[in-house]
Each structure stands twice: as structure tokens, then as C-alpha cells.
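Structure record follows, encoded as C-alpha cells.
Here is how names work: the chains are called A, B, and so on, in the same order as the sequence lines, proteins then strands, and each is numbered from 1. In this text, all values refer to a predicted model and were calculated from it rather than measured experimentally.
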Number of protein chains: 2
Amino acid sequence: MIREKRFEHIISSLKNTGAVTYSGMSMDLSVSEDTIRRDIDYLHENGLLSKVRGGAISRDKNPLSFHDRADFHATEKEIIALKVQPLLKSGMTIFMDGGTTVCAVAECLTANASLRVITNNIALVPLLGRFKNLEVIVLGGNYDRNTQTNLGAKTCEEAAEFVVDLYLMGTCAISKDFGITAAVREDGAVKKAMLKGAKSVVVLSNSKKIGINEPFVVCELQRIHVLVTELPSDDSKLDELRFKNLKII
Amino acid sequence: MIREKRFEHIISSLKNTGAVTYSGMSMDLSVSEDTIRRDIDYLHENGLLSKVRGGAISRDKNPLSFHDRADFHATEKEIIALKVQPLLKSGMTIFMDGGTTVCAVAECLTANASLRVITNNIALVPLLGRFKNLEVIVLGGNYDRNTQTNLGAKTCEEAAEFVVDLYLMGTCAISKDFGITAAVREDGAVKKAMLKGAKSVVVLSNSKKIGINEPFVVCELQRIHVLVTELPSDDSKLDELRFKNLKII
DNA sequence: TGCGAATTTGCAAGATTTTGCATTTATTTA
DNA sequence: TAAATAAATGCAAAATCTTGCAAATTCGCA
């Protein structure tokens, strides 16, 4: 039997029952479990299902799939996005980097927002494209499929060519001791490059990232001007971050 | 038996069962498997089916698409996209520019395609992101919401930093008298920049764009090596473009 | 009709991919 | 923690693909 026919059977079984097992498919299709395992590996790699122990489940039922996770934090992100709006004044040029929180900001923009946005965030571009009065400049580089951003030396180099009024820095770890830190080295490098040309820095951070440290240092707390979280600004979790020059909203 | 009669049988078997094998067709038609293999090669090149290991599967899994006029345009693009596949060899570095035809090529890529793709086409990036073995480099620039591409001086400048094996040039006007022409000046500029670094040039063009001239000259016909349209390669509409060094497929 | 050129077909050797099994490594469960 | 189960790995046999070639067939043309 042709491999693609097996794929078809696996996918359609998955649609009917929501889950398949190696042993079940092996019997259905009269091939070894190893072959089914390899088929499911392949389908998993291509995002057509989610591999789990013993077999596979359909992607939308996987509790850890990207969409569900995105939904989970949706309200938090929306709160942050709404808090950011008053900071965006007409005519500003701003940096926006990676992360779904930054995308949430784009989705909350008012229809007549008039800004020049410079970004390495590919997911953000089509969102911004809907607004007639936005000028969008994309920073090139090596596309990273995990973060959906452009990264690498080229991106940093290009970012260095701008001076902007505001830098909206996407979700990142923030703590009193080590300041802002990034989980991905190259992401950290882009953040550093954007910082250099930013007159004002706004950090968007989920409260879960507060007090957390990642391996790659981005900057000290002193460098940032505004911190936006989904918490009320007087929440005690934020106490450790209160400094004279850091505005928390 | 006449070759076209075999084609007929292969296509109709495919419609009934969704898949055919070399051995099955070989027995049905009393010819060697090699002959069937060559038949299926031919049908694959012309976009009538998808070749897979052991045989072929039907291109469209849903039966409604055949007579659907609304989908007619999409099918043309798919035919072009399928014809392009054999030109993409593992390990190549290629330019891909704007246009939905180029996106169709991305959607028809085999799952294990191993390429380095350099593009200014934002719509293309998420499509390419699905493939594990693709390296994607994005050219920055001013985002144009109409074409969903990055354009402008910066884009051209960045394109000039590469030498690629192949340039897949998206839909554009092509005529005997004026060669390749573009409707948007900045798009034409990017095309020119990409041409400079391309060892081989493949133009994807809808037959409606043949014999048409747009305001902005991109290059002469002599500069391109392969022209891909949705028409059979011996169609008379293509006659005016036949030159010694231009391969039409 | 007959001849040479071009195309089609089948075959075979060698390269590549897929498959199932045995073995090792990792994870779960009792 | 040990036993049970699942997953990953390496390997060899089988299946499939590619390539080149020669025989057979078709085609163009005189």
C-alpha cells in the first residue's frame, strides 16, 4: 500500500475518534507498529496531528497546542494591550519586537492610529497591514519559525539604523537582580540593538515572568521607563521592581 | 495501446480510488512498470496528479474542485507550482519574490524539501515556516500592504548581498517586444536587484500576462532561462516567446 | 513502399528509501 | 525502586528509484 494511503487512513481515523494508537493502526493497515510510528512522526513534523505516548491525537484536542495556549493568556494580553494604547501618540515612530503580547497591542489599535512601526516580528506585519495610516518597516534577517521573528546579525544591524520615540519590548523575564533577560540569545541581541536607538522603553510583561531570570542579559532595570503587566499597578508582586524612574501601569 | 489511452485509464482509476500503484496499472494495462512510471512522470509534470513513492495519488482529495469555476484560477497557479517542483534541487539557495503564484509553489513543496529561501514576500514566510528543512531569510524594507511584500531601497540593497542558484520570479507581464515588465516601480526595482545575483532565472507567469506590457522594464527575455505557465508547453500562445535559450514548460 | 531519424518501451545494474526486527534507552506504573 | 511498557536506535532485507542502453515502434519524407 502507498504510504500516502496510510496517511489518509490515520488522519481520517483521527477525525472520527479523536485519537489513534500504534497497535490499532498497525492492525488496520497490516504493517508493523514501527511503520505507523514513523508515519505518525512524519505527520507530527508536518503539523497534521499531535504525537502522544502510544499514538496520536488530533491537533486541536491537544491541550498544549499553540492555539489553546494563546487563548489561555488572551485576556491577560488584552489587558496589557489596552493599557499600552494611551502611550502611542499620533506621529510616533516605534520599535515593536517579538511575542504574542505585542501582536495583541496591534489588534487593539484604534482604526485611525497614525504611526511608523519598525519590527522584526513577521506575525505582526499582516495585523498592522490592516491600518491605512500605519507605515510598516520590516527588519530583515534569518526567520526563526518558533518565535516567528527575524533574528541574527543582519536584523541587529538594521535596527541600529533607526532612532525611535518608543520601543515596545515584548514579553521577557524581568527581575530586580538581573534586570531584563531573554531565553533566546539572538532575541536578546535584537532587543539590545533596539534599545540603543530608543528614546523611551516600554516593557510588556506577563506577571509570571516577574522575578524570573533567563540566561541572556538584555539590560538593567534602569534602562526601561514603563512596565506594563496585566496586574493592577499597586499589586504587591510588583513591589520588588519599584524604582524612582520606572513607571508601572 | 496508445499512450493517451493509458493516461485516461490512470486518471480515471485515480478518481475512483484516490491512488494508483505502478504494479497495479502495469497489470491493468499490460505494459511494464517502467512505462507506467514514465506516464505518471509526465502526468505529474503537467499537474494532473501527484507522484509518490510506489505510484501516484490524486492532486485534489475533494471531488468538487474539478468543475468549480471560482477555483479555476487557483488551479492554474497549482499547475504552475507543480511544474516548478522538479527545478528545485536539494541544497539550493533561491530567491522568491512577491505574488500568489510564488506562494502556491511553497504550498506544493514536498515535506522534506531542503532549501535556503531568500524572500521579501511576507505572505510567503509563514508558509515556508512549516518546513523543517528550509532556511528562510527575510529581506527587510518598507512593507507594502497591497502586495504583502517588502519594497524600497533597503530591500534592493539587501538582495544585492546574495548570489543564488535560482530566482523564482513571481507573476509579471512578459512580451516579445519589451521582455519582462512590472506594474509597480518598486517591485520592478527589487526584481532587478534579485536578477543581478541569480545564476538561473525562472519566471512564473499566468498565460493572461503573456504579450502584455507594464510601465516598468525589468529585463530582456534573454536574461531568463525558464518560463513556467499553466499552458501545455507547446501551446501556440507561447510561440512568440520561443527563443533558442528559453525553456518553456 | 522503403529508409533513416526520433521516440517509445522493456530490461538490468546500482543507488536510495522503506520496512520490520532486535537491542538499547526512557518513561510510566505499581 | 523494580517491573512493565513505550520509544529510539542500528541494522539488514526488501522494495522502489534512477540511469543508461538496446530493441521495437512510429513518423517524416522521398
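Proximity of B:S13 to B:M25: side-chain heavy atoms (C-beta onward) are separated by under 4.5 Å at one or more points.
Rounded to the nearest 0.5 Å, atoms CG (A:L139) and SG (A:C156) are 9.5 Å apart.
In summary, A:K154 and B:E161 engage in a salt bridge, as defined by a charged side-chain N under 4.0 Å from a carboxylate O.
Rounded to a whole Å, the CD1 atom of A:I36 is 9 Å from the P atom of C:dT19. For B:R37 and C:dT16, the CZ to C1' distance is 12 Å, given to the nearest whole Å.
The residue among A:E33 and B:D34 whose nearest nucleotide of DNA chain C is located toward the 5' end is B:D34.
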Could you write out each protein N or O paired with an N or O of nucleotides 5-9 of chain C at a distance under 3.5 Å?
from, atom 1, to, atom 2, distance (Å)
C:dT9, OP1, B:R6, NH1, 2.9
C:dT9, OP1, B:R6, NH2, 3.3
C:dT9, OP2, B:R6, NH2, 3.1

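Judged by the 6.0 Å and 45° rule, B:R3 forms a cation-pi pair with B:Y42.
In this model, a donor atom of one side chain and an acceptor atom of the other lie less than 3.5 Å apart for B:S207 and B:E230. When only modelled atom types and interatomic distance are considered, B:N121 and B:T149 share no side-chain donor-acceptor pair under 3.5 Å.
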Verdict with supporting geometry, A:Y22 and A:D34, side chain to side chain donor-acceptor pair (under 3.5 Å)
CA-CA 8 Å; A:Y22 293 130; A:D34 292 272; over 6 Å; no
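Here the range on DNA chain D touched by chain B, meaning any atom under 4.0 Å from one of its heavy atoms, is D:dA15 to D:dT18.
Open room surrounds CD on B:E220; 12 or fewer heavy atoms of other groups in view lie less than 6.0 Å from it.
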